Amino acid sequence: MLDFLGDLRRTHMCGVLRAADAGKKAVLMGWVNRRRDHGNLLFIDLRDRTGVTQIVFNTDRNRAIHEKAEGLRNEYVIAVIGTVKLRDANTINPNMPTGEVELVADELRILNESKLPPFLPSDTALTNEETRLKYRYIDLRREVMQFNIETRHKVAKAIRDYLSGEGFFEIETPFMTRSTPEGARDYLVPSRVQPGTFYALPQSPQMFKQILMISGFDKYFQIVRCFRDEDLRADRQPEFTQIDLEMSYPQPERVWEVVEGFLTAAFAAAGYDIKTPFPRMDYDEGIRLYGIDKPDLRLPPFTDVRECFSSENLQELAINPNLPVIAIHIPKVGELSRKERDDIKPMFHSKGGARVYEDFKRIGNKYPAAAEAIGKNVGAEAGDLIVLVAGSAQAGPQSPVSPHRKVTPQELAVYTSAGLLRLALAQKYAERHQCFQKGDFRFLWVTNFPMFEWDESERQWMAAHHPFTSPHEQDMKLLEEGVEALHDPLSPLSAVRALAYDVVLNGTELGSGSIRIHRQDVQSRIFRALGMTEEEAKARFGFFLEALEYGTPPHGGIALGLDRIVMILAGAESLREVIPFPKTARAVDLMVDAPTPVSEAQLRELGIAIRKTRE
RNA sequence: GGGGACGUAGUUCAGUUGGUUAGAACGCUGCCCUGUCACGGCAGAGGCCGCGGGUUCGAGUCCCGUCGUCCCCGCCA
């Protein structure tokens with residue numbers, strides 16, 4: 001028999017009662033977290049989002065209530081009216097915040113029962129994720145999940161408060177908008193009113209926020225859902241939340257100050273102090289020192305040890321002398337077993353003919369002088385792991401090349417291969433090197449990205465970012481020259497730097513932004529550099545190009561992934577731990593079971609027919 | 001699109017070289033217990049070994065396929 005709530009009012013949350021509350025009347029409501037039945041004495045741990053309080057039912061005190069309480073089971077929802085009692089010294093539980101007190105029940109209302117759940121929020125072993133996601137409402141009752149979602153709330157609030165204080169307006173932009181086939185695939189929404197046409201869900205409010213600058217709002221932000229129809233990863237969901245902002249008349253440094261400001265507030269809200277300003281690094285330097293555009297600064301950078309080998313050595317090892325020879329250095333890994341050394345090889349994914357020399361000991365046996373010099377250059381101590389990555393003699397340039405850009409594509413291949421291996425090794429031996437400590441936050445601004453990337457399959461230069469990213473003011477001349485050499489891999493386009501920047505934390509890209517193009521003449525030069533005719537540009541971005549012509553102030557901004565920030569703050573390995581209702585690797589919501597087919601009638605109304613594909 | 005890992009009770013896992021009736025812990029049910037807090041004791045229920053096919057005298061175990069979850073590459077600001 002269930003009881004009604006009636007006009008009963010909760011006086012305290014379950015996690016707040018302390019010794020000072022002793023003697024008070026209290027009304028608690030929550031879930032039965034655990035029950036310990038001692039016959040005539042029954043303990044219930046009552047749980048809500050704030051914590052747990054022990055309730056005592058005692059036949060001596062009240063036989064009827066005790067009898068009623070015996071019917072309680074895990075996850076029943078109850079209200080208890082009782083008296084807060086200081087526990088006897090020998091029954092204090094120092095492991096819980098409410099452990100000095102307990103609530104002696106005078107009245108019990110059973111507000112709801114629960115079927116036996118597939119797993120319990122109080123379980124110590126973690127249930128498999130499939131079951132957790134199907135019964136997400138039970139999973140979310142777990143203390144960790146409650147903490148993660150609370151952290152998410154606090155972080156978002158801190159950011160809102162900070163940006164509001166800095167004069168930013170939070171302005172909403174449409175979810176049903178226009179498909180601009182650029183970057184990722186769009187999620188499409190069919191229009192019923194105009195059959196055969198589609199809205200797209202925004203990959204980011206990019207053009208809207210720029211138009212808000214043209215509209216005179218000066219400083220805009222939004223904590224906004226974005227959508228991308230691409231394959232998922234542990235750190236990638238099809239819908240995700242961005243802290244999106246844009247401001248008028250900024251230098252990159254102005255944007256960075258704002259970001260450093262709200263991140264300081266956000267991390268403080270989660271209980272962490274961070275130091276600003278963040279260090280800055282050129283994209284080229286990131287590649288050369290870490291083999292990646294989002295360096296994890298918690299582990300040592302690369303050392304180019306080409307000079308440690310004689311040219312005969314390099315020849316014997318079949319190493320290309322015109323490419324860097326990279327020493328990856330992971331501290332304190334200790335002596336590797338034969339199997340561990342063998343395991344390194346499959347971790348290596350070669351780009352452009354890069355090769356791995358995982359057995360440094362063998363190199364030391366064969367080339368003792370080189371090995372000693374390498375150890376010295378790297379600054380390695382006994383027990384540190386050194387792995388070499390170099391360009392194969394057969395691949396890459398046969399003579400030194402020096403085009404405009406500081407890192408050549410061949411070098412990039414070697415650096416990138418080494419960068420991926422460095423991360424894989426760092427991950428694998430995390431327990432040994434102990435460089436990944438909770439609360440160690442190494443922020444970094446990566447700047448001066450290349451404006452264009454060479455696309456080998458198209459054999460032409462492509463925009464590395466969206467085409468509204470402004471080139472560096474000093475590189476305008478290269479841009480002009482480069483326009484004429486779109487299909488030349490050595491084009492001056494390779495050296496054009498973008499006024500783009502990423503904010504990176506511990507090897508995770510938190511956000512990405514740029515100063516935008518505000519001048520029509522620069523914009524059309526960029527389109528030409530991308531091989532786009534005026535007509536093509538107009539067909540794709542006409543409304544936006546037109547807006548640019550009505551007095552656009554210089555402007556720029558950035559967008560940061562809220563989910564990733566919270567994930568790092570929560571110490572989680574996956575975004576799914578900080579998103580209340582996430583999707584699986586195949587983009588399925590296991591709880592609501594979406595996506596689903598829709599009825600023939602719905603399709604007809606939309607003028608859509610499903611084409612069956614058969615093998 | 002490609003590569004890899006996993007799938008056994010409600011949950012977490014074990015299951016030897018292919019060999020009787022597939023085990024443990026937690027959870028669940030019943031009984032006992034007045035100071036536990038991962039309470040304890042006794043008894044009990046609970047299995048399409050993901051699904052389909054094959055090899056074999058015999059398959060949880062070997063093979064093929066398929067479905068699902070996870071991780072990575074490709075893809076993706």
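Small disclaimer: the values here were computed from a predicted structure and weren't measured. To find a chain, count down the sequence lines: A is the first, B the second, and so on, and within it residues start at 1. Hydrogens, waters and symmetry mates play no part in the numbers below; they use all other heavy atoms, side chains included.
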[X] near the nucleic acid: base, sugar-phosphate alone, or nothing, with a heavy-atom cut-off under 4.0 Å?
X	value
A:Gln242	nothing
A:Asp37	base
A:Asn74	sugar-phosphate
A:Arg228	sugar-phosphate
A:Asp293	base
A:Asn93	base
A:Glu130	sugar-phosphate
A:Ser204	nothing

A:Phe541 and A:Phe527 aromatic ring geometry - parallel, tilted or perpendicular at 30°/60° bounds: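 Rings of A:Phe527 and A:Phe541: parallel, as their planes differ by under 30°.
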Is there a side-chain contact between [X] and the phosphate of [N], meaning an N or O under 4.0 Å from OP1 or OP2?
X	N	answer
A:Gln203	B:A77	yes
A:Arg586	B:G68	yes
A:Arg73	B:U29	yes
A:Arg36	B:C39	yes

5'-most by nearest nucleotide on RNA chain B - A:Leu420 or A:Asn128: A:Asn128
Using the side-chain heavy atoms of [X], tell me which of these nucleotides is nearest: [options].
X	options	result
A:Gln54	B:G35, B:U11, B:C76	B:G35
A:Thr124	B:G35, B:A38, B:C75	B:A38
A:Thr127	B:C70, B:U36, B:U11	B:U11

